[in-house]
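To keep things clear, I will list the structure first and then write my remarks on it.
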Amino acid sequence: MEYAIEMLNIYKDFPGIRANDDVTIRVKKGEIHALLGENGAGKSTLMSILFGLYQPTSGIIKVNEKEVKIDNPNIANDLGIGMVHQHFKLVDCFSVTENIILGREDLTKLKTVDLKKSSIKIKELSERYGLSVDPNSKIQDITVGMQQRVEILKMLYRNADILIFDEPTAVLTPQEIIELMDIMRELCKEGKTILLITHKLKEIKSVADRCTVLRRGKVIKTVDVKTTSEKEMAELMVGREVDFNVEKPEAKVGEVVLEVKDLTVKSLRGTTAVNNLSLNVSKGEILGIAGIDGNGQSELIYAITGLMKSTSGNIFVNGVDITKFDVRKRYESGLGHVPEDRHKHGLVLDFKLKENFIIHGYNTESFSKNGILKFQEIDKYAKRLIEEFDVRSGEGLETITRSMSGGNQQKAIIAREIDRSPDLLIVVQPTRGLDVGAIEYIHKRIVEERNKGKAVLLVSFELDEILGLSDRIAVIYNGEITGVLDADKTNEKELGLLMAGSKIEGVTNE
């Protein structure tokens, strides 16, 4: 058996935590090999070792049957290993071509960068693999899905044969996910070997050949994907049976908490992103917003939470017009927000974990007196949230948030916002990058808020999540609501039609 990669008896220790504990994984040439595990199971650490970002504490790495020492990513590149990171490594104001050739520039006879030659090569690669990327576009002007394709092209441009994808679908729409799966299959046909880190069992079933399951830094088992069910893989991952169904009693709907009236919001480019939109969310219900990414969801949420100004219309919370309130005043009016972009709007990455937990309430009596922080109270509060929401980090509450895995950063934000139990909880992509065990727990906590009589506004690109959690579903298309439906009286097909712009007879706007 020819192996492209062998990682044998790998150990990796960080202060206070063993991330990889005697891990052995063998990847066959030309296969898609999935790495599955809970948040903090050690998947990304293992792949970062393979890509030269970390050095193992001990263990052996073989590439194409030869033992190697990978001290840095340049050596990994020279060995034909490329990596698409969960958070893309792109320069926004550079073009696609400039990003792809960065560090590997072709020069003209005059020793200037030969952008023309590079663009031609990138265009040829893009066409060959069906990536449809314009080499001259600026990164800031293209979609997240397209940015990911740029990352793939970056690897192909460097002649990588072994491609590592770290949570590649965490920020993609359902359509982009299907396209990415097709691209992966195409790459394997061309003789590439793919290592896929993901939490999504559906995707593993759809695209992977074999799957290695990690739990708390150890290898549990490597399975053949075709002969292993999603349920079996979920159990291997979390060590217990996982309930995929969201249990929720019948909604006891009270008075309206959030009322959005004739709201219009311009995008950063000056186009109309939200067009004269109205909706409301009442006590004791979850209103899900379904739609393809880029149809005004972000701008709607930014306008409600105060991150963006609206052009016209009004926003009421508990009957109070908050349209002109600043962000803090909106939070104090009973609003909570799990944002779409955890790095930009959810966390201060260079703060400690415990500091991020109290970011909304550091000036309240609970955590400060006469302007002096109550450190014991803060530590006690942070410990409780870490235990309750299973937030894993090397140095506990003293951990610098930047060093945590994406899934654990997400859990920290959700813990902070849900624990505040606001009257209106706005959750955007709440389970992005989370494993099935964490998803099960977060869903339970969101439903608990609704059962307590709180209003929940949920935005998600996962239709399963929208259908499973929501009481009512509002579909957004082109900045307008195309229909509001009861969740138990609709299905993916009907929602798909509305998401594509159809207005079904009998379905009215609010």
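Computation of the quantities below employed the complete heavy-atom set of this structure, encompassing side-chain atoms and omitting hydrogens, waters and symmetry-equivalent molecules. Not measured: the values here are computed from a predicted model.
- You'll find the side chain of Pro422 stays beyond 4.5 Å of the side chain of Glu417, heavy atoms only.
- Checking side-chain atoms of Glu2 against main-chain N and O of Lys28 turns up no donor-acceptor pair under 3.5 Å.
- From Arg185, atom CZ reaches atom CD1 of Ile32 across 7.0 Å, with rounding to the nearest 0.5 Å.
- A 6.0 Å sphere centred on OH of Tyr157 holds more than 12 heavy atoms belonging to other residues, nucleotides or ligands.
- Listed by chain and number, the residues in a salt bridge (charged side-chain N to carboxylate O under 4.0 Å, His left out) with Lys202 are Asp464 (sequence neighbours excluded).
- When every heavy atom of Ser460 is checked against every heavy atom of Gln429, the shortest pair comes out as CA-OE1, 3.1 Å.
- The two atoms that bring Pro430 and Val459 nearest to each other are CD-O, 4.0 Å, heavy atoms only.
- For Asp224, the salt bridge (charged side-chain N to carboxylate O under 4.0 Å, His left out) criterion is met by no residue, not counting sequence neighbours.
- Residue-environment remark: CD (Glu250) stays at or below the threshold of 12 foreign heavy atoms within 6.0 Å.
- Between the Thr228 side chain and the Val225 main chain, no donor and acceptor come within less than 3.5 Å of each other.
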Stepwise side-chain contact (heavy atoms from CB on, under 4.5 Å) test for Lys62 and Val68: CA-CA 6 Å; Lys62 289 184 180 179; Val68 294; over 6 Å; no
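- Taking the charged nitrogens against the carboxylate oxygens, Glu285 and Lys252 have no contact shorter than 4.0 Å, which rules out a salt bridge.
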Under the salt bridge (Lys or Arg N to Asp or Glu O under 4.0 Å) rule, what do Arg216 and Glu38 come out as? Steps first, then yes or no, please. CA-CA 8 Å; Arg216 301 211 174 232; Glu38 295 178 280; 5.0 Å; no
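- Distance CD/Gln148 to CD1/Ile177: 9.5 Å, rounded to 0.5 Å.
- Within the 4.5 Å cutoff, the side chain of Ile162 has no heavy atoms near those of the Val27 side chain.
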Go through the steps for Thr490 and Glu494 under the test side-chain hydrogen bond (donor to acceptor under 3.5 Å, both in side chains), then give the verdict. CA-CA 6 Å; Thr490 188; Glu494 187 176 26; 2.7 Å; yes
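- The CG atom of Asn77 sits 12.0 Å away from the CE atom of Met83 when rounded to the nearest 0.5 Å.
- By the neighbour-count criterion of 12 heavy atoms within 6.0 Å, atom CZ of Phe351 is sparsely surrounded, having that number or fewer from other residues, nucleotides or ligands.
- We find that Glu398 and Lys354 are joined by a salt bridge, their nearest charged nitrogen and carboxylate oxygen being less than 4.0 Å apart.
- With rounding to the nearest 0.5 angstrom, the CE atom of Met404 is 8.5 Å from the CG atom of Asn356.
- A salt bridge does not link Lys444 to Glu247: none of the charged nitrogens lies less than 4.0 Å from a carboxylate oxygen.
- Here the closest non-hydrogen pair linking Ile386 and Gly396 is CD1-C, 4.1 Å.
- Contact check for Phe367 versus Lys374: no side-chain heavy atoms found under the 4.5 Å cut-off.
- Distance CD/Glu65 to CD1/Ile5: 11.0 Å, rounded to 0.5 Å.
- Checking side-chain atoms of Lys192 against main-chain N and O of Ala160 turns up a donor-acceptor pair under 3.5 Å.
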Does the pair Ser421 and Glu449 meet the rule for a side-chain hydrogen bond (donor to acceptor under 3.5 Å, both in side chains), with working shown? CA-CA 7 Å; Ser421 197; Glu449 288 306 297; 2.8 Å; yes
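- Of the charged side-chain nitrogens involved, none lies within less than 4.0 Å of a carboxylate oxygen, so that Asp423 and Lys283 do not count as a salt-bridged pair.
- Between the side chain of Lys29 and the backbone N or O of Gly191, no donor-acceptor pair lies under 3.5 Å.
- Ion pairing between a basic and an acidic side chain is recognised when a charged N comes within 4.0 Å of a carboxylate O; Glu462 and Lys200 show such pairing.
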Kindly determine whether Arg384 and Asp419 satisfy salt bridge (Lys or Arg N to Asp or Glu O under 4.0 Å), including the steps that lead there. CA-CA 10 Å; Arg384 179 173 68 76; Asp419 192 71; 2.9 Å; yes
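- For the side-chain contact (heavy atoms from CB on, under 4.5 Å) test with Met155, the passing option among Ile100, Asp161, Val84 is Val84; the others fail.
- Proximity of Met237 to Arg215: side-chain heavy atoms (C-beta onward) are nowhere separated by under 4.5 Å.
- Ion pairing between Arg210 and Glu31 holds under the 4.0 Å rule for side-chain N and carboxylate O.
- Residue Lys452 qualifies as enclosed at atom NZ: its count of foreign heavy atoms under 6.0 Å is above 12.
- Residues Ile286 and Leu469 share a closest heavy-atom pair of CD1-O, 3.4 Å.
- In plain terms, the two heavy atoms of Val133 and Val150 that are nearest each other are CG1-CG2, 4.1 Å.
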Which donor-acceptor pairs under 3.5 Å do the side chains of residues 17-24 make with protein atoms, sequence neighbours left out?
{"unit_1": "Arg18", "atom_1": "NE", "unit_2": "Asp13", "atom_2": "OD1", "d": "2.7"}
{"unit_1": "Arg18", "atom_1": "NH2", "unit_2": "Asp13", "atom_2": "OD2", "d": "3.2"}
{"unit_1": "Asn20", "atom_1": "ND2", "unit_2": "Gly42", "atom_2": "O", "d": "3.0"}
{"unit_1": "Asp21", "atom_1": "OD2", "unit_2": "Lys218", "atom_2": "NZ", "d": "2.9"}
{"unit_1": "Asp22", "atom_1": "OD1", "unit_2": "Asn9", "atom_2": "ND2", "d": "3.0"}
{"unit_1": "Thr24", "atom_1": "OG1", "unit_2": "Asn9", "atom_2": "N", "d": "2.9"}

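- With Glu355 contributing its side chain and Lys352 its backbone, the two residues share a donor-acceptor pair below 3.5 Å.
- For Arg240 and Glu440, the salt-bridge test passes: some basic side-chain N is under 4.0 Å from an acidic carboxylate O.
- Side-chain atoms of Ile61 and Leu50, non-hydrogen and from C-beta on, do get closer than 4.5 Å to each other.
- Between Asp486 and Arg472 there is no salt bridge, since no side-chain nitrogen of the basic residue lies less than 4.0 Å from a carboxylate oxygen of the acidic one.
- Shown here for Ala487 and Leu467, the closest heavy-atom pair between the two residues is O-CD2, 4.1 Å.
- Between the side chain of Lys12 and the backbone N or O of Thr45 there is no donor-acceptor pair closer than 3.5 Å.
- Looking at heavy atoms from C-beta onward, Ile301 lies out of side-chain contact with Glu340 at the 4.5 angstrom threshold.
- Judged by a 6.0 Å distance limit and a 45° cone about the ring axis, Lys383 is not positioned over the six-membered ring of Tyr381.
- Taking the side chain as every heavy atom from C-beta outward, Arg416 and His360 approach each other to under 4.5 Å.
- Contact check on Arg445 versus Glu388 returns a salt bridge, with a Lys/Arg side-chain nitrogen under 4.0 Å from an Asp/Glu carboxylate oxygen.
- Considering CZ of Phe165 and CG of Leu196, their distance stands at 8.0 Å, rounded to 0.5 Å.
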What verdict does the salt bridge (Lys or Arg N to Asp or Glu O under 4.0 Å) test give for Asp166 and Lys43, after you've listed the backbone C-alpha separation in whole Å, the side-chain angles of each residue and the deciding distance to 0.1 Å? CA-CA 9 Å; Asp166 187 359; Lys43 309 178 300 296; over 6 Å; no
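- Contact check for Lys69 versus Ile75: no side-chain heavy atoms found under the 4.5 Å cut-off.
- His345 has its ring centre less than 6.0 Å from the ring centre of Tyr302.
- For the pair Lys154 (side chain) and Asn99 (backbone), a donor-acceptor distance under 3.5 Å is absent.
- When atom types are taken as modelled, the side chain of Ser229 and the backbone of Glu232 share a donor-acceptor pair closer than 3.5 angstrom.
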